[in-house]
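Naming convention: chains lettered A, B, ... in sequence-line order (proteins, then strands); numbering from 1 in each chain.
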Amino acid sequence: MGLIEGHLDVGAPEGVPIWDIDPYATDVLENPIEFYREMRAKGPFVYIPRYAILACARYAQTKEVFSDHERFVSSRGVGLVDFKQTTPWRPPSIILEVDPPEHTRVRRIMAKTLSPKVMREQASLLQSIADQMVAEVVAMGEIDGVADLAERYPTTVFPRILGLKKSNGRHLLDYGAMVFDAVGPDNEIRRASLSKGEDVVPWIMKQCERDNLIEGGLGAGIYTYADSGDISEKEAGLLVRSLLSAGVDTTVTGIGSLLYCLAENPEQFELLKDNPKLARSAFEEVLRYTAPVHSFFRTSAGDTEVSGIKIQENTKILCMLGAANRDEDHWPNADKYDVTRDVQGHLGMGAGIHGCVGQNLARAEVSAVLTAILAQVDKIEFTGTAKWRPGNSIRALASLPIKLTKKEA
Amino acid sequence: MVNIRITNTNGTEQSIESKAGMSLMEALRGANIDGIVAECGGSMSCATCHVVVDTDWLTATGEISDMEDDMLDCTATDRDPGSRLSCQIELSEALDGLQISIPDNQF
Ligand code: HEM
Ligand code: FES
């Protein structure tokens with residue numbers, strides 16, 4: 001058996017349609033909704049020969065494969081590369097790319113680090129910075145929603161909450177892009193992101209060191225578990241690295257996509273203004289509707305079966321979270337952004353034991369921004385065409401020209 | 001059917017009938033009980049499905065895993081001796097009459 005993109009080519013299972021498409025082609029990544037629909041229509045799984053992978057796009061199978069950590073492991077990488085066959089581009093994450101029992105040991109520490117209690121303590125800081133930043137963009141009127149708010153807010157608050165002594169928003173954004181683009185094939189997107197590594201990686205690794213973290217921040221808090229012997233000093237550094245990897249690009253994307261949804265659906269924005277309590281579930285619906293993390297892989301640990309399809313050991317399976325979130329069989333009117341929907345069960349934050357451990361922070365950040373918007377903004381309108389940035393696992397906006405109209409006092 | 005008696009955050013009481021086999025979180029959300037957020041859908045990733053079980057009923061709700069135990073240490077409303085994550089409790093006939101209260105905050 002040969003290697004394709006760093007994993008074994010096990011061939012197409014019986015009864016699975018073969019679809020010669022590139023899910024990482026720029027036009028697909030920029031406009032994936034039709035592609036999602038087509039993939040769901042083909043069946044519970046398709047085989048994509050160019051990368052020798054299975055892919056699932058319907059809700060039921062995507063959820064099953066993504067959340068069953070015993071049959072479908074993360075320790076062999078959540079990207080195309082199988083860590084059992086090929087050395088990954090960086091030492092694997094000790095939370096995202098491990099299985100139990102190792103996973104459980106570190107996950108407990110991260111869950112405490114990013115808990116609702118911790119977010120409650122940060123709430124007033126998050127809100128005051130959001131209020132101020134939204135006031136600034138409202139005063140500007142016409143803005144690029146991505147550069148002027150979506151990127152600015154997390155790169156301002158996240159380093160503070162983490163307690164980084166030195167911050168560099170550009171490096172944080174570039175590192176996030178590297179991590180998320182590395183999940184995909186060796187294409188132009190991945191090469192472009194990884195090429196920034198020379199400057200960015202050493203800087204990131206430096207900020208993860210104990211001496212570069214401020215007492216009382218979340219990063220220094222992780223090192224207290226090294227002091228108590230629950231993890232090693234090196235593991236503490238890798239956990240801080242996990243926060244820097246997964247904590248910025250994701251929330252930047254979340255805020256950008258929220259602004260997009262509000263501009264695209266003015267009647268939903270009106271509903272929210274009348275009912276600001278819906279802010280949190282409005283963001284959940286953004287996660288469903290736009291899926292900032294559009295897809296990740298699992299690897300089958302043994303021969304198994306899903307929905308009658310026999311899946312061989314060593315199979316890389318692309319789980320299309322963005323497509324599952326638009327499955328009409330699970331979500332009535334799936335292509336409608338609807339803040340009143342019961343959105344629980346969406347896969348935007350994953351599912352199962354690897355379900356996003358930073359979700360409480362993400363929600364705290366984005367709902368602070370939305371709360372500020374609902375208090376200060378009367379109207380959000382497109383002033384040009386929004387541009388999506390093709391990413392191998394993140395679906396984010398590159399630019400979002402919008403106009404914000406100030407609410408009369 | 002499993003009868004669950006609930007004290008809401010505002011002190012009012014109500015009771016709901018649920019099916020055995022589902023989680024307590026699913027039963028509470030199905031009945032639109034205020035104050036159960038449960039954003040992660042039962043993956044034990046959010047700790048926003050926190051309930052306080054009457055201590056007489058605590059044993060009947062089953063074991064608390066190490067992960068749940070850690071998460072209960074840092075819920076938005078401070079932990080109470082009867083605290084549980086409702087997504088981790090499976091309803092059975094043995095829980096018929098279960099008495100719980102909803103904490104003030106989930107986030
Ligand atoms: C809108 C924002 C976010 C989205 C859409 C998102 C999405 C996800 C998804 C889909 C997973 C599951 C990966 C898998 O199962 O393979 C995940 C895991 C993870 N996320 Fe997030 N995330 C967000 C924000 C954050 C933030 C703010 C942090 C950190 C502060 C973070 C840290 C992590 C970590 C460490 C994991 C791995 C958890 C594990 O494997 O147990 N995320 N995230
Ligand atoms: S529903 Fe998220 S922890 Fe229970």
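Rounded to the nearest 0.5 Å, atoms SG (B:Cys74) and CD (A:Glu121) are 10.0 Å apart.
For a residue to count as touching a neighbouring chain, one of its non-hydrogen atoms must lie under 4.5 Å from one of that chain's; by this rule B:Asp73 touches chain A with the backbone only. Proximity to chain B (any heavy atom under 4.5 Å) is restricted, for A:Arg120, to the side chain, taken from C-beta onward. Looking at B:Met67, both its backbone and its side chain come within 4.5 Å of chain A, counting heavy atoms on both sides. Residue B:Thr77: no heavy atom, backbone or side chain, is found under 4.5 Å from chain A.
Using a 4.0 Å cut-off between charged side-chain N and carboxylate O, A:Arg108 and B:Asp69 make no salt bridge.
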Quick one: do A:Gln344 and B:Met25 satisfy side chain to side chain contact (heavy atoms under 4.5 Å, CB included)? Show the steps, please.
CA-CA 12 Å; A:Gln344 196 203 50; B:Met25 177 276 281; 3.5 Å; yes

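Atom CZ of A:Arg160 has 12 or fewer neighbouring heavy atoms from other residues, nucleotides or ligands inside a 6.0 Å radius. Crowding of B:Asn3 atom CG: a count of heavy atoms from other residues, nucleotides or ligands under 6.0 Å exceeding 12. Within 6.0 Å of CD on A:Glu215 lie no more than 12 heavy atoms contributed by other residues, nucleotides or ligands.
Of the residues considered (B:Gln106, B:Met71, B:Arg29, B:His50), B:Arg29 shows the highest number of contacts with chain A, using heavy-atom pairs under 4.5 Å. Contact count versus chain B (heavy atoms, under 4.5 Å) is highest, among A:Asp342, A:Ile353, A:Val343, A:Ile109, for A:Asp342. Contact tally against chain B (heavy-atom pairs below 4.5 Å) for A:Ala351, A:Gly352, A:Ala123, A:Ser67: the top residue is A:Gly352.
For the pair A:Arg280 and B:Phe107, the cation-pi test (distance below 6.0 Å, angle within 45°) is passed.
The two residues B:Ser45 and A:Cys356 have their closest heavy-atom pair at CB-O, 4.0 Å. Nearest heavy-atom pair across B:Ala47 and A:Pro116 is CB-CG, 3.8 Å.
Using a 4.5 Å heavy-atom cutoff, the side chains of A:Met349 and B:Ser43 are not in contact. In this structure, A:Lys117 and B:Asp78 have side chains that are in contact, with non-hydrogen atoms separated by less than 4.5 Å. The shortest side-chain heavy-atom distance between A:Asn360 and B:Cys46 falls under the 4.5 Å cut-off.
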